Amino acid sequence: MWSLYNMAEKLPPVRVRFAPSPTGRTHLGSGRTALYNYLLARQTGGQFILRIEDTDQKRYVPEAEQELIESLRWLGLQWDEGPDVGGPYGPYRQSERKEIYLEYAKQLIARDKAYYCFCTPERLARLREQQIQNKQPTMYDGLCRRLTPEDALRRIKQGEPYVIRFKTPKEGLITVRDYLRGEITVENRTIDDYILVKSDGWAVYHLAAMVDDQLMRITHVLRSSEWLSTFPLHAHIIRAFGWQEPVFVHLSVFLKPSGKGKMSKRDSAQLLQDGYSIYIKDLEQLGYLPEAVVNWIALMGWSYDDKTEFFTMQDLIEKFSLDHLNPSPAAINFTKFDHFNGLHIRHLSVEDLARRIKPFLVRAGFEVDDQKLLQITPVIQERLVTLDDAVELAGFFFREHLEYEPTLLIGKDMTAAQSLKALQESYQLLSGLDFNDKEHLEAALRSLAEQMGIKAGQLFGILRIAVTGKSVSPPLIESMIILGKEKVMEWLQTAIKRLATLVQANA
RNA sequence: GCCCCCAUCGUCUAGCGGCCCAGGACAUAGCCCUCUCAAGGCUAAAACACGAGUUCGAAUCUCGUUGGGGGCACCA
């Protein structure tokens, strides 16, 4: 792999594409493939193309394309050419290119590189069954390969259904080059006579993608490594046309967190229970930042050096390189995702973060005042892992009443009566203080604790429950200032009543 | 079953023949800071799958074994 090294230090402008099929939801693996393509295009000043591979009408899911576009845009990827933005090499939806593929398939037949096949699905099923029984590889047996062109044409005229198959050489070897793995050589006899055009007249991936990549002047193909096994076939098809092959880069697959296999539907459901999802569209709702998603997936299969891990999209555009791609499969690590999300949340400006938190607060039913939110945001910023944590962490700022277990008002290593006294003394003290001076407020409360012979932590703990309703909260003094004197005094009063009731009941 | 790919701490990874009794990050544990929780700082534990070669020297090159992953459709 020596010779491959340092090759891409400065690449000329590339034309790359992301070519998904709208058959399901857009997940992290697709997101990463799209991202790497995008990065390479931006870095080299080339073009990033979105192409919809919808040649299979049976599996077509109408909502899938919309979700795909929304997911990619949310991540911050823009394409230069695509079904929605047009471009000089369109159309960019394969369902609008049916005739093109047919034309190229016929060209292959004319060159004796493909042939018509009239075998019925039933015969093929029987054949496969037999081969499995005999422990042979399941491949087409080449029956129609031996048909003369005249015979084939006659049968077509008679209205017999047919497919077009690739005439794979049956002897010799083929060597293909994957950018990450180097040369891969396989025996031609292990490559099937794959169907290029189905009986309904639609091309399958193997033909359509190769034709489009050629016609759209694609220079680099970054695709999932599940294509590795049909890669030699693809090279055969390209060479049969006499075209030049683009650079192929097969990206490693994502494994489930355990590292045991790909994500299944069941795994995805379980994941959602834990507040995670492999579907990009879900991540926004779950409180994740697109910046964090991009940073995280970029680093699954690619690395910059032995220490740098924080990357913005701009950083990635500058630093991404094909040479540091890792060919081995990677287990998805959501814990690290949380880490990146926190990192990017802390990296945001207060205004930006406030703007992103707001929808979560509103959805929780709070009436959110922007000025107040701007005050709250800094005290919760470094405590957020996901944006929706704001509801739990800052909810008390927006509530009219606090609900909590009155016994929580009893300070650590203190009696209920002592705690009640602390609350009452605090009320007295605070009622005479100005809530604008943080230092003074804190100093006053600390000296109160000292006078009462308790630790500041004990007093703060009691007050924390009284004014936030929780034992875990943003810093107490700041919280009180944001709440405002009026509300703090009211809630202290409430707390005193609640604790007094408790003390009386125990007496 | 057949074909292909991959193999460094639990996980993501650095490593491109001597810089490595293997570096970083997440997670874990401890300590510091501290009004709680975080954030931050410090420390600890934690890996070259195994076996043969090649070489003065191998995590790095070769072969084999084992393990893992992907594919074997008129899906993409």
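All of these numbers come straight from a predicted model, not from anything done at the bench. Only this structure's heavy atoms are used, side chains among them; waters, hydrogens and symmetry mates stay out. Below, chain A is the first sequence line, B the second, and so on; all start at residue 1.
With contacts defined as side-chain heavy-atom distances shorter than 4.5 Å, the pair A:Ser258/A:Asp267 does not qualify.
With A:Tyr92 as the aromatic partner, A:Arg51 does not meet the cation-pi criteria of under 6.0 angstrom to the ring centre and within 45 degrees of the ring axis. A:Lys98 forms a cation-pi arrangement with A:Trp202, by the criterion of a distance under 6.0 Å to the ring centre and an angle within 45° of the ring axis.
A donor and an acceptor atom sit less than 3.5 Å apart, one in the side chain of A:Arg59 and one in the base of B:rC75. Scanning atom types as modelled, one donor and one acceptor separated by under 3.5 angstrom connect the side chain of A:Ser199 and the base of B:rC74.
Rounding to the nearest 0.5 Å places OG1 of A:Thr23 at 8.5 Å from CG of A:Asp56.
Here A:Ser303 does not reach the OP1 or OP2 of B:rG24: none of its side-chain N or O atoms lies under 4.0 Å away. Residue A:His250 places none of its side-chain N or O atoms closer than 4.0 Å to OP1 or OP2 of B:rC6. At B:rA14, none of the side-chain N or O atoms of A:Lys307 fall inside 4.0 Å of OP1 or OP2 (strictly under the cut-off). The phosphate of B:rU8 (OP1 or OP2) has no side-chain N or O of A:Asn326 nearer than 4.0 angstrom. Contact check, A:Lys455 against B:rU34: no side-chain N or O comes under 4.0 Å of OP1 or OP2. Residue A:Arg346 has a polar side-chain atom (N or O) positioned under 4.0 Å from OP1 or OP2 of B:rG40. For B:rC75, one of the phosphate oxygens OP1 or OP2 lies less than 4.0 angstrom from a side-chain nitrogen or oxygen of A:Lys198.
Among the nucleotides B:rC5, B:rG10, B:rA27, the one closest to any side-chain atom of A:Thr335 is B:rA27. Across B:rG40, B:rA25, B:rA38, the shortest atom-to-atom separation from the side chain of A:Glu309 is found for B:rA25. The side chain of A:Tyr205 has B:rA76 as its nearest neighbour among B:rC37, B:rA73, B:rA76. Counting only heavy atoms from C-beta on, A:His339 has its side chain closest to B:rA25 among B:rG1, B:rA76, B:rA25. Set against B:rC35, B:rC5, B:rG69, the side chain of A:Arg464 has B:rC35 as its closest nucleotide. Residue A:Ala330 has its side chain nearest to B:rU13 when only B:rG70, B:rU13, B:rC6 are considered. With B:rG69, B:rA76, B:rA73 as the candidates, the nucleotide lying closest to the side chain of A:Arg128 is B:rA73. Candidate nucleotides B:rC4, B:rC75, B:rG24 were compared by shortest atom distance to the side chain of A:Lys58, and B:rC75 ranks first. With B:rC35, B:rC75, B:rC5 as the choices, the nucleotide that has an atom nearest any side-chain atom of A:Leu228 turns out to be B:rC5. The listed nucleotides are B:rG1, B:rA39, B:rA7; the one nearest the side chain of A:Glu382 is B:rA39.
Between the P atom of B:rA39 and the CZ atom of A:Phe310 lies a distance of 15 Å, rounded to the nearest Å. Atom OH in A:Tyr60 sits roughly 24 Å away from atom P in B:rC74 (whole-Å rounding). Between the CG atom of A:Asp56 and the C1' atom of B:rC75 there is a distance of 5 Å, rounded to whole Å. Following rounding to the nearest Å, A:Phe396 (CZ) and B:rU36 (P) show an atom-to-atom distance of 16 Å. Protein atom CD1 of A:Ile184 is 17 Å distant from nucleotide atom P of B:rG70, rounded to whole Å. Look at CG on A:Asp413: it is 17 Å from P on B:rC35, rounded to the nearest Å.
Across all strands shown, A:Glu122 has no heavy atoms under 4.0 Å from either base or sugar-phosphate atoms. Nucleic acid contact for A:Val385: none, since no nucleic acid atom lies under 4.0 Å from a heavy atom of the residue. Using a 4.0 Å heavy-atom criterion, one finds that A:Lys262 contacts the sugar-phosphate atoms exclusively. Note on A:Gly261: only backbone sugar-phosphate atoms sit closer than 4.0 angstrom, heavy atoms only; bases stay farther off. Residue-level contact check: A:Thr55 touches the backbone only, with heavy atoms under 4.0 Å from sugar-phosphate atoms and none from bases. Across all strands, A:Val163 comes closer than 4.0 Å to base atoms (heavy-atom distances). At the heavy-atom level, A:Leu299 lies under 4.0 Å from the strands shown only through sugar-phosphate atoms.
In the model, A:Asp54 has a side-chain atom that pairs as donor or acceptor with a side-chain atom of A:Ser95 under 3.5 Å. Side chains of A:Ser473 and A:Arg464: a donor-acceptor N/O pair is present below 3.5 angstrom, by distance only.
A:Asp193 pairs with exactly one of A:Lys170, A:Arg165, A:Lys113, A:Lys167 by the salt bridge (Lys or Arg N to Asp or Glu O under 4.0 Å) rule, that one being A:Lys170.
For the pair A:Leu384 and A:Glu53, nearest-nucleotide mapping onto RNA chain B gives the more 5' position to A:Leu384.
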